[in-house]
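See below for the structure under consideration.
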Amino acid sequence: MQARVLTIEEGKDLSQRTQPRVFPMRVLKVLGFLATLGICFFIASMYMTQYYGIPNVVSQARSSFQVCWEEPRDLQWWIKPPSKLLHNMTDEELFWRASMEPQVEKYPFKRVRKVAFMFLTIGPLPLSPLWEKYFKGHERRYSIYIHSLPNYKADFPESSVFYRRQIPSQVSEWGKMSMCDAERRLLANALLDISNEWFVLLSEACIPLYPFSITYRYLMRSRFSYVGAFDDPSPHGRGRYDPNMAPEVDISLWRKASQWFEVNRELAVIIIKDTKFYPKFKEFCKPDCYVDEHYFPTMLTIETPHKIANRTITWVDWSRGGAHPATFGKADITESFLKTIIEGQTCLFNGQKSNLCYMFARKFAPSALEPLLQLAPDLLGYG
């Protein structure tokens with residue numbers, strides 16, 4: 001039999017068919033190198049985790065992924081208060097979020113109503129030991145919010161009721177709109193907790209006059225919010241009115257009061273969602289018009305006159321005259337002095353005469369703390 005001779009074309013085809021057999025070997029070498037590199041990386045990662053405490057990159061990325069994509073699962077997720085008070089929301093965003101209120105009156109869960117205690121301060125709370133005794137044993141029925149200067153760093157211990165209770169704050173100045181901004185900021189942050197039903201504005205110079213249980217019962221039974229609002233015909237009242245505030249604000253409804261208030265949730269929402277009166281007061285009520293004395297009393301007199309008691313339950317002493325009330329120090333704190341505040345008062349509570357008129361008092365200097373702690377158990381009922 002004759003041997004078959006290949007043509008040039010057949011030789012080309014054969015070489016093209018047999019040539020690719022060399023290529024997989026290169027691929028295998030590359031894959032082998034990558035596999036070896038991966039094994040080395042894995043061993044190094046395990047070694048560093050075991051001996052140096054460096055977290056595993058893969059597991060760390062996986063845990064972060066799970067947190068980022070956590071979804072609401074039940075009603076409890078929606079109603080739980082923020083785990084941290086610090087956030088990055090602007091005031092505009094905060095007020096918008098806080099104004100969201102349930103429209104169905106009946107709650108589909110057991111709601112334990114709380115009182116939000118909002119401290120508007122410059123920095124420290126020198127009377128905090130007294131407040132600690134006041135709050136003790138009532139953990140589920142109150143919440144605390146502190147608005148201080150932005151650069152102030154509180155140093156409360158973890159065991160304190162004031163630990164990490166500061167909210168994002170801005171500089172506030174007495175008599176200016178920034179003071180009202182701070183008060184609205186406190187209200188808005190407190191409104192984020194749906195369990196807060198009453199909102200009490202306090203300063204670092206305030207003290208509680210009765211045990212927590214009495215204050216709690218007093219507020220929860222009240223049909224009115226406690227905001228002072230009186231018509232002062234003097235230069236320090238109507239004399240501060242600017243005609244440019246009309247037609248939103250007429251002089252006949254111009255009101256004045258102390259800035260310290262106690263309001264329920266309904267009025268707290270009205271205060272923080274206001275965009276009608278805010279621009280007028282910001283532009284036309286500037287010193288010698290002290291906006292913190294006029295903005296809320298006037299707005300609520302116009303919007304909800306039948307829902308305010310036209311008085312506050314924070315006692316102050318203006319008998320010494322001047323732009324600020326009297327401040328009481330260590331020498332002033334006696335049994336007879338505290339009794340004059342607690343006893344002999346007459347007011348209206350839900351339209352009926354009452355001798356229980358003030359739940360808080362101010363202004364007390366830091367030096368008043370020691371005698372207050374001594375007298376509080378017998379005279380004030382706590383401590």
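No experiment lies behind these values; they were computed from the predicted model shown.
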Heavy-atom pair of closest approach, residues [X] and [Y]:
{"X": "A246", "Y": "K280", "result": "O-NZ, 3.5 Å"}
{"X": "F199", "Y": "L187", "result": "CB-CD2, 3.6 Å"}
{"X": "P102", "Y": "Y107", "result": "CG-CE2, 4.5 Å"}
{"X": "D332", "Y": "T327", "result": "OD2-O, 4.2 Å"}
{"X": "L369", "Y": "P129", "result": "CD2-CG, 3.9 Å"}
{"X": "D231", "Y": "R238", "result": "OD2-NH2, 2.8 Å"}

For the atom pair [atom1] ([X]) and [atom2] ([Y]), what is the distance rounded to the nearest 0.5 Å?
{"X": "D193", "Y": "K114", "atom1": "CG", "atom2": "NZ", "answer": "3.5 Å"}
{"X": "K176", "Y": "W174", "atom1": "NZ", "atom2": "CH2", "answer": "11.0 Å"}
{"X": "L94", "Y": "I272", "atom1": "CG", "atom2": "CD1", "answer": "7.5 Å"}
{"X": "S225", "Y": "I271", "atom1": "OG", "atom2": "CD1", "answer": "8.0 Å"}
{"X": "I270", "Y": "M299", "atom1": "CD1", "atom2": "CE", "answer": "7.5 Å"}
{"X": "R223", "Y": "H306", "atom1": "CZ", "atom2": "NE2", "answer": "12.0 Å"}

Please check: side-chain N/O of [X] versus main-chain N/O of [Y], any donor-acceptor pairing under 3.5 Å?
{"X": "W254", "Y": "G237", "value": "yes"}
{"X": "E139", "Y": "G137", "value": "yes"}
{"X": "R113", "Y": "E197", "value": "no"}
{"X": "T301", "Y": "P297", "value": "yes"}

Handout entry: Check ion pair D288-R240 (N to O, under 4.0 angstrom)
Key =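 No, this pair does not count.
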Handout entry: E93 with R97: basic N within carboxylate O range, under 4.0 Å
Key =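 Salt bridge flag = no for R97 with E93.
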Practice task
Would you sort out whether Y152 and S169 count as a side-chain hydrogen bond (donor to acceptor under 3.5 Å, both in side chains), showing the intermediate values?
Solution key: CA-CA 10 Å; Y152 175 71; S169 306; over 6 Å; no
For [range], which residue pairs pass the disulfide bond (SG atoms under 2.5 Å apart) check, not counting sequence neighbours?
{"range": "residues 246-297", "result": "C285-C289"}
{"range": "residues 328-357", "result": "C347-C357"}
{"range": "residues 299-336", "result": "none"}
{"range": "residues 133-191", "result": "none"}

Is the shortest heavy-atom distance from the side chain of [X] to the side chain of [Y] under 4.5 Å?
{"X": "F364", "Y": "L372", "result": "yes"}
{"X": "Q259", "Y": "Y290", "result": "no"}
{"X": "L86", "Y": "P168", "result": "yes"}
{"X": "R265", "Y": "I194", "result": "yes"}
{"X": "L85", "Y": "N189", "result": "no"}
{"X": "L300", "Y": "F277", "result": "no"}
{"X": "E132", "Y": "S160", "result": "yes"}
{"X": "L191", "Y": "N196", "result": "no"}

With a 6.0 Å cut-off on the ring centroids, do [X] and [Y] count as close?
{"X": "Y226", "Y": "W315", "value": "no"}
{"X": "F328", "Y": "F337", "value": "yes"}
{"X": "Y216", "Y": "W198", "value": "no"}
{"X": "W131", "Y": "F162", "value": "no"}

Pairs of donor and acceptor atoms involving the side chains of residues 374-383, under 3.5 Å and at least two apart or interchain, shall be tabulated with distances.
residue : atom : partner : partner atom : Å
Y382    : OH   : P208    : O            : 2.7

Quick check on the hydrophobic clustering: are [X] and [Y] connected, directly or via other members, by side-chain heavy-atom contacts under 4.5 Å?
{"X": "Y145", "Y": "F296", "answer": "yes"}
{"X": "L201", "Y": "L127", "answer": "no"}
{"X": "I167", "Y": "V200", "answer": "no"}
{"X": "I214", "Y": "L338", "answer": "yes"}
{"X": "L202", "Y": "Y142", "answer": "yes"}

Exercise for the section: Sort and list the pairs that fulfil side-chain hydrogen bond (donor to acceptor under 3.5 Å, both in side chains) and have at least one residue in residues 347-373, not counting sequence neighbours. Expected result: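 Qualifying pairs: S203-R362.
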Exercise for the section: Go through the steps to decide whether E262 and T314 satisfy the test side-chain hydrogen bond (donor to acceptor under 3.5 Å, both in side chains), and finish with yes or no. Expected result: CA-CA 9 Å; E262 300 81 19; T314 300; 2.8 Å; yes
Practice task
Answer yes or no for R184 and F95: cation-pi contact, defined as NZ/CZ to six-membered ring centre under 6.0 Å and angle to ring axis within 45°.
Solution key: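 Judged by the rule, R184 and F95 form a cation-pi pair.
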Problem - Lys/Arg cation over aromatic F230: R255, 6.0 Å, 45° cone - result: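 So R255 doesn't make the cation-pi contact.
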Give a yes or no on whether [X] atom [atom1] has more than 12 heavy-atom contacts from other residues, nucleotides or ligands under 6.0 Å away.
{"X": "L348", "atom1": "CG", "value": "yes"}
{"X": "R320", "atom1": "CZ", "value": "yes"}
{"X": "R111", "atom1": "CZ", "value": "yes"}

Practice task
Take Y295 and E183 through the test side-chain contact (heavy atoms from CB on, under 4.5 Å) and record every step on the way to the result.
Solution key: CA-CA 11 Å; Y295 174 31; E183 295 169 12; over 6 Å; no
Practice task
Apply side-chain contact (heavy atoms from CB on, under 4.5 Å) to the pair L267 and F261, showing each step before the final yes or no.
Solution key: CA-CA 11 Å; L267 263 65; F261 58 73; over 6 Å; no
Practice task
Take I207 and Y134 through the test side-chain contact (heavy atoms from CB on, under 4.5 Å) and record every step on the way to the result.
Solution key: CA-CA 9 Å; I207 67 166; Y134 172 76; over 6 Å; no
Practice task
Show the numbers, then the answer: is there a side-chain contact (heavy atoms from CB on, under 4.5 Å) between H236 and K256?
Solution key: CA-CA 9 Å; H236 303 292; K256 179 182 178 180; 3.7 Å; yes
Exercise for the section: Please check if any side-chain donor atom of Q170 sits under 3.5 Å from a side-chain acceptor atom of S178, or the reverse. Expected result: no
